[in-house]
Undergrad: 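Got a structure here, written out as structure tokens. Questions coming.
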Amino acid sequence: MSLKIYNTLSRTKEDFIPLKGNQVGMYVCGPTVYNFFHIGNARPFLIFEVVRRYLKYKKYKVKYVTNFTDIDDKVIKKANEMGITFSEVAKKYIKEYFQDADCLNIGRADFYPRATEHIPDIIRFIQGLEEKGYTYVVDGDVFFEVSKFKDYGKLSRQNLDDIQIGARIELDERKKNPYDFVLWKKAKENEPKWDSPWGAGRPGWHIECSVMSTKYLGESFDIHAGGEDLIFPHHENEIAQSEALTGKIFAKYWLHNGYLNIDDKKMSKSLGNILTIRELSQKYDGSVIRHFLLSAHYRSPLNYSLYQMEQSKQGMETLNNLIYNLNFLYERNEFSKEMTIESKKLLKTVNDMEKKFLQAMDDDFNTPIALSTLYSLAKETNIYLNKEKNKNKEIIEKIIQFYEQFGNKILGLIFKPNLTSPEQVQKKEIEELIKARELARKNRDWQTADQIRDKLNEMGIIIEDTIEGTRWKKY
RNA sequence: GGCGGCAUAGCCAAGUGGGAAGGCAGAGGACUGCAAAUCCUUUAUCCUCGGUUCAAAUCCGAGUGCCGCCUCCA
């Protein structure tokens, strides 16, 4: 089975063939660290890390890089508001980033380069462009001259002559072309600054990504990803400056995720309709938020609503229940070696779902279909668990593995498997109560049985009677 | 003005020529001492009109509606 990826550059699904053997270099535009990140920001962080998980599953050696933009207008503004330095702001929100990323079970990148740690690299890069004649300087600002790069617009399919000048852009009289962009920005008073051949200043926005991606992944690398709003001008400009300097293809595959909307509007700081992960995680488990973000294909728009979150919560509960139930059974260890018709049927379902899952992921990371296989298998498994008296250990193990490998490792949904491992003391107490209730039930003393159940409920324990005996879980 | 996306059940969401996946919610039922968990049943003129085709949710044309990029933005 071959992996197909939609490439923004060609606007088609292409076979994925890495530049060098089975090694994959991947760069995802990371956050500007001046605030908690919101659920819209979370989408690319999460989905492209799932891409990485899947590539690893496919035995690729992936080098995954994501940056922190730790110096720009917003960081400076925040520093002034808080009365601390810009680097303290960055430090704080990098820490907060990791807390929220961990909550969503977003795996760590291999490198987290920061703009301010690469100033010399950035200066060298700009000097290279200067030597090749792509730049001009006006009052200490260094600009990239877009018209000198013949492929400008190839990613966003914009034609320089056709872009309406001034549609929404404020004209900077000093620019030769309105789409020329700043590589190096002269420092204003009281702003953080670094020395450079063009005077004291700081890097422009686009340059850091070009510099740091090529530094860690080479002049040409495989995958560059980010939100679709970055296509123009950010990624277009990255291509321009990188390919102008090296004369080589910058990134082979460009992946962009669709927006996350809220009330059918884009979630953005300027509209003030943002919802941070920090806020949301007060109410929902990280795996529920994850489930929600994976419930639509990554290139489709996805609308946030409370109702939707509740749907994801319910869905996760169904899956969690299955995992509970499987583990309960597994701990009992009362299996049959017999391979009945029902067992064979279920085995076939597992194999079918496995195949379907992989096909879905191979087709441009179709996570909604991948998720659906988790549910289809859950239903078949529940039917088996209810009906079949001769439960087959091999199959139960295979199903547990399916959820571990696909649900947990690839999709990153963490199931809550350890239903029966709270503190030992309590566990003992619970089991004694259950025994007492069993006895009462045997004697058809429903009143006592129900009293015990109520007591357990107060302890946060839910009782479920099954043909294998009473199982319990903590919620 | 230039570029691009979307329209499938009450809700979410797959599906790009030949059986309309999956989930959530609702209703009814089964199981249970009662529950819980689970299962079963039930819901779609695929935005409209026209065209191509033996065959269209899927391709083509027109229309309607919604959204995004071209300003910092994931």
Side-chain angles (χ1 to χ4, degrees), chain A residues 8 11 28-32 37-48 72-74 77 153 156-170 178-179 205 225-234 236 256-261 264-271 274 291-292 295-297 299-303 305 307-319 321-322 324-325 328 356 360 363 366-376 378-379 381-387 441 444-447 449-450 453-454 457 462-467 470-473:
Chain A
T8 305
R11 311 274 158 132
V28 179
C29 287
T32 301
F37 69 88
H38 59 68
I39 184 162
N41 300 126
R43 199 175 183 193
F45 304 159
L46 191 148
I47 193 76
F48 295 124
D72 88 326
D73 289 345
K74 297 184 294 277
K77 191 174 164 223
S156 58
R157 311 233 158 157
Q158 300 279 349
N159 185 327
L160 266 189
D161 302 328
D162 292 340
I163 316 181
Q164 198 185 33
I165 293 173
R168 286 169 79 193
I169 200 172
E170 271 180 48
Y179 289 92
W205 174 38
E228 69 180 0
D229 52 344
L230 295 182
I231 295 172
F232 192 89
H234 185 56
E236 194 70 63
H256 295 96
N257 65 279
Y259 279 114
L260 187 128
N261 295 326
D264 291 314
K265 287 263 184 292
K266 179 182 169 180
M267 187 178 288
S268 76
K269 280 139 199 163
S270 47
L271 290 173
I274 67 165
H291 183 286
F292 165 69
S295 69
H297 186 264
R299 284 189 284 116
S300 305
L302 177 59
N303 194 47
S305 72
Y307 191 60
Q308 278 267 82
M309 289 305 297
E310 288 298 321
Q311 291 189 179
S312 285
K313 188 180 171 187
Q314 289 302 323
M316 275 310 287
E317 211 165 301
T318 301
L319 295 177
N321 279 335
L322 176 74
Y324 283 145
N325 300 348
F328 169 77
K356 191 175 173 188
D363 184 16
N366 195 327
T367 56
I369 290 186
L371 265 180
S372 80
T373 66
L374 268 53
Y375 286 101
S376 298
K379 180 173 267 188
T381 306
N382 281 324
I383 291 170
Y384 178 81
L385 259 36
N386 284 342
K387 268 205 216 161
R441 291 180 74 218
R444 307 183 70 81
D445 179 1
W446 310 129
Q447 204 185 343
D450 289 351
R453 182 165 60 195
D454 290 345
N457 274 343
I462 293 176
I463 295 282
E464 293 171 356
D465 299 325
T466 77
I467 50 171
T470 301
R471 72 182 170 222
W472 58 275
K473 63 187 178 188

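Quick note on labels: first sequence line is chain A, next is B, and so on, each numbered from 1. Small disclaimer: the values here were computed from a predicted structure and weren't measured.
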Undergrad: Could you tell me how far apart Gln314(A) (CD) and G22(B) (C1') are, to the nearest whole angstrom?
TA: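 Whole-Å distance recorded here is 16 Å.
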Undergrad: Taking only residues two or more places apart in sequence, or in another chain, which ones meet His297(A) in a ring pair (Phe, Tyr, Trp, His ring centres under 6.0 Å)?
TA: none
Undergrad: Quick one: list whatever passes salt bridge (Lys or Arg N to Asp or Glu O under 4.0 Å) with Asp450(A), sequence neighbours left out.
TA: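 Result, salt bridge (Lys or Arg N to Asp or Glu O under 4.0 Å) vs Asp450(A): Arg453(A).
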Undergrad: Between the protein and nucleotides 58-60 of chain B, are there any N/O to N/O pairs under 3.5 Å, and if so, what are the atom names and distances?
TA:
none

Undergrad: Across all strands, who's sitting opposite U52(B) as a Watson-Crick or G-U wobble pair, both distances under 3.5 Å?
TA: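 Result: none.
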Undergrad: State whether Thr466(A) places a side-chain N or O below 4.0 Å from either non-bridging phosphate oxygen (OP1 or OP2) of A36(B).
TA: no
Undergrad: For nucleotides 40-43 of chain B, give me every protein contact, N/O to N/O, under 3.5 Å, one pair per line with atom names.
TA:
residue: C40(B); atom: OP2; partner: Lys379(A); partner atom: NZ; Å: 3.4

Undergrad: Looking at the side chain of Arg453(A), which of C72(B), C34(B), C11(B) is the nearest nucleotide?
TA: C34(B)
Undergrad: What interatomic distance, in whole Å, is found between C1' of A44(B) and the corresponding atom of G15(B)?
TA: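 It works out to 14 Å between them.
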Undergrad: Between A74(B), G23(B), A14(B), which one does the side chain of Pro368(A) approach most closely?
TA: A14(B)
Undergrad: For C39(B), does either OP1 or OP2 sit under 4.0 Å from a side-chain N or O belonging to Asn382(A)?
TA: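 True: Asn382(A) side-chain N/O within range (under 4.0 Å) of C39(B) OP1/OP2.
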Undergrad: Grab the CG-P distance between Asp465(A) and C31(B) for me, whole Å please.
TA: 16 Å
Undergrad: Rounding to an integer number of Å, can you tell me how far Phe328(A) CZ sits from A36(B) C1'?
TA: 13 Å
Undergrad: Among residues at least two apart in sequence or on other chains, which ones pass side chain to side chain donor-acceptor pair (under 3.5 Å) with Glu228(A)?
TA: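 Applying side chain to side chain donor-acceptor pair (under 3.5 Å) to Glu228(A) gives none.
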Undergrad: When the P atoms of A74(B) and U41(B) are considered, how many whole Å apart are they?
TA: 47 Å
Undergrad: For atom P, what is the distance between A21(B) and G63(B), given to the nearest Å?
TA: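 Roughly 33 Å separates the two P atoms.
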Undergrad: Partners of Tyr375(A) by side chain to side chain donor-acceptor pair (under 3.5 Å), sequence neighbours excluded?
TA: His291(A)
Undergrad: Choose from A14(B), C70(B), A37(B) the nucleotide whose nearest atom is closest to any side-chain atom of Pro233(A).
TA: C70(B)
Undergrad: In whole angstrom, give me the gap between the C1' atoms of U43(B) and G26(B).
TA: 10 Å
Undergrad: Closest to the Glu228(A) side chain: G68(B), A37(B), A14(B)?
TA: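 From the listed options, G68(B) comes nearest.
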Undergrad: Paired with G65(B): which nucleotide, if any, by Watson-Crick or G-U wobble criteria at under 3.5 Å for both distances?
TA: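 Pairing partner, where one exists within any strand: C6(B).
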Undergrad: What pairs with Arg441(A) under salt bridge (Lys or Arg N to Asp or Glu O under 4.0 Å), at least two apart in sequence or on another chain?
TA: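 Expected list: Glu438(A), Asp465(A).
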Undergrad: Going by the rule side chain to side chain donor-acceptor pair (under 3.5 Å), which residues pair with His38(A) if we only count those two or more places apart in sequence or in a different chain?
TA: Asn41(A)
Undergrad: If the condition is side chain to side chain donor-acceptor pair (under 3.5 Å), which residues does Lys74(A) pass it with, not counting sequence neighbours?
TA: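 Once residues adjacent in sequence are excluded, the partners of Lys74(A) under the side chain to side chain donor-acceptor pair (under 3.5 Å) criterion are Asp72(A).
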Undergrad: What pairs of nitrogen or oxygen atoms, one from the protein and one from nucleotides 15-20 of chain B, lie under 3.5 Å apart?
TA:
residue: G15(B); atom: OP1; partner: Asn366(A); partner atom: ND2; Å: 3.0

Undergrad: Looking at residues at least two apart in the chain, or sitting in another chain, which of them share a side chain to side chain contact (heavy atoms under 4.5 Å, CB included) with Thr381(A)?
TA: Leu322(A), Leu326(A), Leu346(A), Leu377(A), Leu385(A), Ile399(A)
Undergrad: Considering only the P atoms, how many Å lie between G28(B) and C66(B), rounded to the nearest integer?
TA: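 Approximately 39 Å lies between the P atom of G28(B) and that of C66(B).
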Undergrad: Scan every strand shown for a Watson-Crick or G-U wobble partner of G1(B), both distances under 3.5 Å, and answer none if you come up empty.
TA: C70(B)
Undergrad: Among the nucleotides A37(B), G23(B), C3(B), which one has an atom lying closest to any side-chain atom of Arg157(A)?
TA: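 The closest nucleotide is C3(B).
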Undergrad: For Arg299(A), what residues pass the salt bridge (Lys or Arg N to Asp or Glu O under 4.0 Å) criterion, not counting sequence neighbours?
TA: Asp364(A)
Undergrad: If the P atom of A57(B) is compared with that of U16(B), how far apart are they to the nearest Å?
TA: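 The same atom, P, in both gives a distance of 14 Å.
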